[in-house]
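What follows is a single structure, written as structure tokens, with notes after it.
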Number of protein chains: 2
Amino acid sequence: MTSEPFVGLLMFIASRDVETRVVAAMRRAGIDDITLAQARVAARIGPHGTRLTDLAEQAQVTKQTATAIVDRLEHAGYVERVPDPTDGRARLVRLTGKAEALLPIARAEERRIEQEWERHLGPRRMRELRDALTLLREITDPYRDDA
Amino acid sequence: MTSEPFVGLLMFIASRDVETRVVAAMRRAGIDDITLAQARVAARIGPHGTRLTDLAEQAQVTKQTATAIVDRLEHAGYVERVPDPTDGRARLVRLTGKAEALLPIARAEERRIEQEWERHLGPRRMRELRDALTLLREITDPYRDDA
DNA sequence: TATATTGGTCAGGCTATCGAACTAGATGAT
DNA sequence: ATCATCTAGTTCGATAGCCTGACCAATATA
């Protein structure tokens, strides 16, 4: 009579595993001055920069938290703040070259994980998983856009 | 040429949405003295109590962090520490009645979310999603057991 | 019984996060 | 034009979360 585990919990377990592994890959590559929360925010920065308020919204934290995280990222040299030409109040947060150099490391680990998953699930189930999650995003992510 | 978003990110988005909603449901029910991290630890406590070290392992935090979180939970009256009869060094962390009274609220919100998802995906895809995630757990969760 | 292992806590310090209050620029109505 | 209001972002103060290192007590092992 034990009901099946809640799907949300299963997802949490898997995504936590992913985060842990990507962070570990960074550490192995010698990058140890960037935290998970910082990476989450940085991952939302678009190619031409993103406003702090937008980052806060997308990462689901308050503006104050986003400010603090961007402060640290800036201090570590991973992002810079430039004035927004279209709005005198606003500033755009942009990735620096130092940050962009890190992307391949993260991407490589992600690919490795996906390959392992595909090996474990088989191609058909992997395909189904991807489809279902993509569809689900429509109702769980209010800020989707492909940057 | 934009490749499909990484499956891990899709999962993160969905599971974060779940967490946010469950916490919001708690808030609506008047419970505002329990945080996400505390809930995650509490969720791992078995029916007869669980050792702190085990909780730490399962929640993937250090023993010290688990101690601090359990301290707060205990202070708020949600758990209690009792001696472990089988090991003089150990103590078992157990849920109190106050905590158990909260479970139905969380469960109800989880059911509601699953229903919404099923409505959006359709029964077949929902089934596939559940199957894939359950399989995936074998390689992403080192501490699975059904309590 | 000496040593290593295991369960747990304490101390200290940094990061993450929030609510409240503030400054500066933008906007809308009159 | 100008005044009230809204929006972008920051600062302040407080607490939670998290880690490393150091430690104590009980158990297991040689």
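In what follows, every heavy atom counts, from backbone to side chain, and hydrogens, waters and symmetry copies are set aside. Just so we're on the same page: letters track the sequence lines, and every chain starts at 1.
- Among the atoms of the strands shown, only primed sugar atoms or phosphate atoms (P, OP1, OP2) are found under 4.0 Å from some heavy atom of B:Asp87.
- Taking atom CG of residue B:Leu52 and atom P of nucleotide C:dT6, one finds them 16 Å apart after rounding to whole Å.
- Between A:Ile34 atom CD1 and D:dC19 atom C1' there is a gap of 18 Å when expressed in whole angstrom units.
- Listed by chain and residue number, B:Arg81 satisfy the side-chain hydrogen bond (donor to acceptor under 3.5 Å, both in side chains) test with B:Glu74 (two or more places apart in sequence, or in another chain).
- A side-chain contact (heavy atoms from CB on, under 4.5 Å) with A:Leu121 holds for exactly one of B:Ile139, B:Leu133, B:Asp131, B:Leu136; it is B:Leu136.
- Heavy atoms of B:Arg72 sit under 4.0 angstrom from at least one base atom.
- Residue contacts for A:Ala68: at a heavy-atom cut-off of 4.0 Å it reaches a base atom on one of the strands shown.
- Side chains of A:Arg21 and A:Glu109 form a contact here, defined as non-hydrogen atoms less than 4.5 Å apart.
- Neither OP1 nor OP2 of C:dG8 sits under 4.0 Å from any side-chain N or O of B:Arg91.
- Between B:Thr65 and D:dG17 there is no side-chain polar atom (N or O) within less than 4.0 angstrom of OP1 or OP2.
- Not a single donor-acceptor pair, N or O on each side, falls under 3.5 Å between the base of C:dG12 and the side chain of B:Gln64.
- Using a 4.0 Å cut-off between charged nitrogen and carboxylate oxygen, A:Arg127 and B:Glu128 do not count as a salt-bridge pair.
- Taking atom CG of residue B:Leu73 and atom C1' of nucleotide D:dG17, one finds them 13 Å apart after rounding to whole Å.
- Using a 4.0 Å cut-off between a side-chain N of Lys or Arg and a carboxylate O of Asp or Glu, A:Glu19 and A:Arg40 qualify as a salt bridge.
- If you check every strand for non-hydrogen atoms under 4.0 Å, B:Thr67 touches a base.
- Under 4.0 angstrom from either OP1 or OP2 of D:dA8 there lies no side-chain N or O belonging to A:Arg81.
- In this structure, CG of A:Asp84 is placed 14 Å from P of C:dG25, rounded to the nearest angstrom.
- Along DNA chain C, the nucleotide closest to A:Val61 and the one closest to A:Thr86 are compared, and the more 5′ of them pairs with A:Val61.
- With rounding to whole Å, A:Leu36 atom CG is found 11 Å from D:dC19 atom P.
- When rounded to the nearest whole Å, the span between CG of A:Asp32 and C1' of D:dT20 equals 14 Å.
- With rounding to whole Å, B:Lys63 atom NZ is found 13 Å from D:dC19 atom P.
- Of the candidates C:dC18, D:dA8, D:dA16, the closest approach to any side-chain atom of A:Thr62 belongs to C:dC18.
- The CD-P distance, from A:Glu57 to D:dT7, rounds to 12 Å in whole Å.
- With distances taken from any side-chain atom of A:Gln38 to the nucleotides C:dT15, D:dG17, D:dA25, the minimum falls on C:dT15.
- Using a 4.5 Å heavy-atom threshold, the side chains of A:Arg51 and A:Leu92 count as touching.
- At a threshold of 4.0 angstrom between heavy atoms, the contacts of B:Arg40 with the nucleic acid are absent.
- Residue A:Thr53 has its side chain nearest to D:dA8 when only C:dA16, D:dG17, D:dA8 are considered.
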